[in-house]
Amino acid sequence: CPWMSPRLGIHRQEDRVTSILCAGAVERVISAFRSVSGDEGVSVGSAVREQHGRDESVHRCRPPDVVVFPRSVEEVSALAKICHHHQLPMIPFGTGTGLEGGVGALKGGVCFSLRRMDQVLDLHQEDFDVTVEPGVTRKGLNSYLRDTGLWFPVDPGADASLCGMAATSASGTNAVRYGTMRENVLNLEVVLADGTVLHTAGKGRRPRKTSASYNLTNLFVGSEGTLGIITKVTLRLYGIPESMVSAVCSFPSVQSAVDSTVQILQAGVAIARIEFLDDVMINACNRFNNLSYEVTPTPFLEFHGSSKSMQEQVSITEEITRDNGGSDFAWAEDEETRGRLWKARHDAWYAALALRPGCKAYSTDVCVPISRLPQIIVETKEDLIRNNITGPIAGHVGDGNFHCLIVLDPNDPDEVQRVHSFTERLARRALAMDGTCTGEHGIGLEKRALLREEVGPLAIEVMLGLKATPGKVL
């Protein structure tokens with residue numbers, strides 16, 4: 001398990017013991033947990049354990065042995081000390097919206113469900129920052145900020161926990177303008193595996209930048225729970241733009257659509273979002289949301305700023321799209337129309353699933369330099385067709401990041417093998433183009449070999465050395 005488990009490596013479900021403690025020790029450990037969090041804060045019920053043994057990925061449920069529900073960092077620390085004493089694996093759990101199986105308890109252990117820690121703790125409007133607990137979600141924070149003129153723009157689509165987003169270095173549709181979680185986390189409070197509480201930038205610190213020693217904050221952003229349990233995150237906020245305008249434009253081919261995306265970015269247009277849906281994905285969204293977009297490769301765009309600045313951005317963008325054979329823009333200016341437009345994009349996962357009812361979905365997640373984007377998308381599209389795989393494409397192409405939302409029958413061994421081979425080819429195609437095997441979902445259960453190929457064995461050894469520092473459970 002890639003989380004704070006005793007061993008790294010993939011284990012068959014039948015190899016997993018139901019508990020790594022004898023019956024008497026189990027009772028003592030659960031009693032110790034209850035002394036910290038109360039009877040209502042500890043569960044060994046099968047339904048609760050199964051709920052916390054899966055995320056939104058295709059990976060099967062791997063439940064923990066016990067689930068605890070701490071209400072404060074002090075409780076998290078006390079519970080972690082008990083786990084450390086008994087050498088129990090610990091798995092942090094936020095909202096379960098991950099896509100790589102990272103919450104699965106491959107070797108059993110204790111799931112820390114953090115949903116009861118749900119307070120917005122410290123808002124500094126004049127400094128554009130806020131500190132929140134792990135139970136606060138992206139939508140919940142923006143609802144809290146509604147009357148302040150501020151917002152948090154990192155938007156992975158799902159209403160994910162903000163601390164979970166930090167743990168996976170999430171991004172999403174707005175990253176082309178506002179960056180990913182790496183650029184927007186100022187400080188973290190983390191409970192290490194021995195129960196020690198660490199503030200990665202110093203307790204209470206929230207400067208916009210620093211050159212003070214190692215960047216411990218970004219060490220934990222993207223660590224996927226392998227180094228500690230994030231119990232607070234301090235985030236950058238932004239002023240809500242004066243104006244927002246969205247648009248849709250269809251193209252005759254994938255090549256022309258993605259070429260336009262690259263050229264818009266190279267022209268220096270300060271665009272907020274550029275999302276791409278191929279013809280298969282557009283057809284799925286039309287059917288799922290009762291829409292009538294032309295079934296062709298289609299970028300979704302959004303501009304933020306003053307009315308004057310947007311006029312220039314729109315003019316340049318329209319000229320580029322026309323030169324590449326794009327149709328006239330369909331504009332959406334009022335909030336309700338823009339909401340409907342982006343709902344279609346955010347519903348892409350469920351729209352893809354609806355293409356084959358009863359099947360499962362798996363999302364790839366490669367990212368390449370934007371100049372290589374047209375080539376890799378065209379080659380990927382050809383690969384999908386050649387191997388008869390249902391994999392509509394959607395992506396945050398402004399960052400060079402795109403997804404094939406593969407829909408497959410997990411009970412069909414031939415199809416499972418074809419999909420597995422395809423995802424391996426796609427990841428290595430991205431690596432050959434100086435890209436990465438994961439732009440935003442994380443390594444999770446299936447990409448550890450690819451991570452080794454991407455960063456090299458020496459970097460892996462350094463990572464393991466960091467995880468092996470005193471106080472960590474290996």
Side-chain angles (χ1 to χ4, degrees), residues 138-139 142-143 146 149 151-159 171-178 238-252 256-258 260-261 263-265 267 269-352 392-399 402:
R138 173 184 64 87
K139 289 182 180 179
N142 281 326
S143 177
R146 185 171 49 234
W151 72 317
F152 183 70
V154 180
D155 176 8
D159 189 22
S171 56
T173 60
N174 284 316
V176 65
R177 176 158 182 169
Y178 299 99
Y238 296 81
I240 296 175
E242 175 187 325
S243 299
M244 297 184 185
V245 176
S246 301
V248 176
C249 180
S250 60
F251 283 83
S256 60
V258 183
S260 284
T261 295
Q263 291 167 23
I264 289 167
L265 295 170
V269 176
I271 198 162
R273 311 193 210 190
I274 308 182
E275 298 289 298
F276 170 78
L277 278 66
D278 75 348
D279 55 327
V280 181
M281 191 72 258
I282 281 289
N283 182 50
C285 288
N286 279 346
R287 293 166 60 178
F288 187 75
N289 285 299
N290 195 28
L291 302 171
S292 56
Y293 291 123
E294 189 173 349
V295 182
T296 60
T298 303
F300 286 48
L301 307 95
E302 188 162 276
F303 305 87
H304 294 178
S306 67
S307 298
K308 183 177 180 180
S309 68
M310 282 201 299
Q311 287 175 7
E312 182 179 9
Q313 295 176 46
V314 168
S315 177
I316 295 171
T317 302
E318 284 186 322
E319 181 179 349
I320 290 171
T321 55
R322 280 197 303 269
D323 289 346
N324 284 282
S327 68
D328 290 337
F329 281 116
W331 291 100
E333 298 188 41
D334 64 280
E335 185 175 352
E336 182 179 351
T337 307
R338 285 191 297 105
R340 286 200 302 271
L341 184 152
W342 288 107
K343 185 178 187 302
R345 170 61 186 91
H346 284 323
D347 284 347
W349 175 268
Y350 304 103
I393 294 175
H396 319 305
V397 288
D399 305 310
F402 72 95

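We number each residue from 1, following the sequence as shown.
Within the 4.5 Å cutoff, side-chain heavy atoms of Ile271 are placed close to those of Leu265. Residues Pro297 and Phe276 have side chains in contact (heavy-atom distance under 4.5 Å, counting atoms from C-beta outward). At a threshold of 4.5 Å between non-hydrogen side-chain atoms, the residues Glu242 and Ser309 do not count as touching.
Looking at Asn174, its side chain never comes within 3.5 Å of a backbone N or O of Arg273 through a donor-acceptor pair. Asp159 places a side-chain N or O within donor-acceptor distance of the main-chain N or O of Lys139, the cut-off being under 3.5 Å. One N or O on the side chain of Ser260 and one on the backbone of Ser256 form a donor-acceptor pair closer than 3.5 Å. A donor-acceptor contact shorter than 3.5 Å is absent between the side chain of Asp155 and the backbone of Thr173.
Atom NZ of residue Lys308 and atom OG of residue Ser243 lie 14.0 Å apart, to the nearest 0.5 angstrom. A distance of 6.5 Å separates OG of Ser246 from NE2 of His304, quoted to the nearest 0.5 Å.
Every side chain to side chain contact (heavy atoms under 4.5 Å, CB included) that Ile240 has, sequence neighbours left out, goes to Trp151, Met244. Applying the salt bridge (Lys or Arg N to Asp or Glu O under 4.0 Å) rule to Asp399 yields no partners; only residues at least two apart in sequence or on another chain are considered.
Screening residues 314-335 for ring-ring contact (aromatic ring centres under 6.0 Å, His included), with sequence neighbours left out, gives Phe329-Trp331. Residue pairs meeting the salt bridge (Lys or Arg N to Asp or Glu O under 4.0 Å) criterion with at least one member in residues 316-328, sequence neighbours excluded, do not occur. The list of salt bridge (Lys or Arg N to Asp or Glu O under 4.0 Å) pairs with a residue in residues 334-347, not counting sequence neighbours, reads Glu275-Arg345, Glu302-Arg338, Glu336-Arg340, Lys343-Asp347.
No option in Thr321, Thr317, Thr298 other than Thr321 meets the side-chain contact (heavy atoms from CB on, under 4.5 Å) test with Cys249.
Pairing each heavy atom of Ile320 with each of Ala267, the nearest pair is CD1-CB, 4.0 Å. Smallest separation of non-hydrogen atoms from Ala272 and Arg177: CA-CB, 3.7 Å. Closest approach of Leu341 and Ala332 over heavy atoms only: CD1-CB, 4.3 Å.
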Under 3.5 Å, side-chain donor or acceptor atoms of residues 281-296 against the rest of the protein: list the pairs with distances, not counting sequence neighbours.
unit_1 : atom_1 : unit_2 : atom_2 : d
Asn286 : OD1    : Tyr293 : N      : 3.0
Asn286 : ND2    : Tyr293 : O      : 2.7
Glu294 : OE1    : Ser250 : OG     : 3.3

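Ring centroids of Tyr238 and Tyr178 are separated by less than 6.0 Å, placing the two rings close together.
Within 6.0 Å of CD in Glu333 there are 12 or fewer heavy atoms belonging to other residues, nucleotides or ligands.
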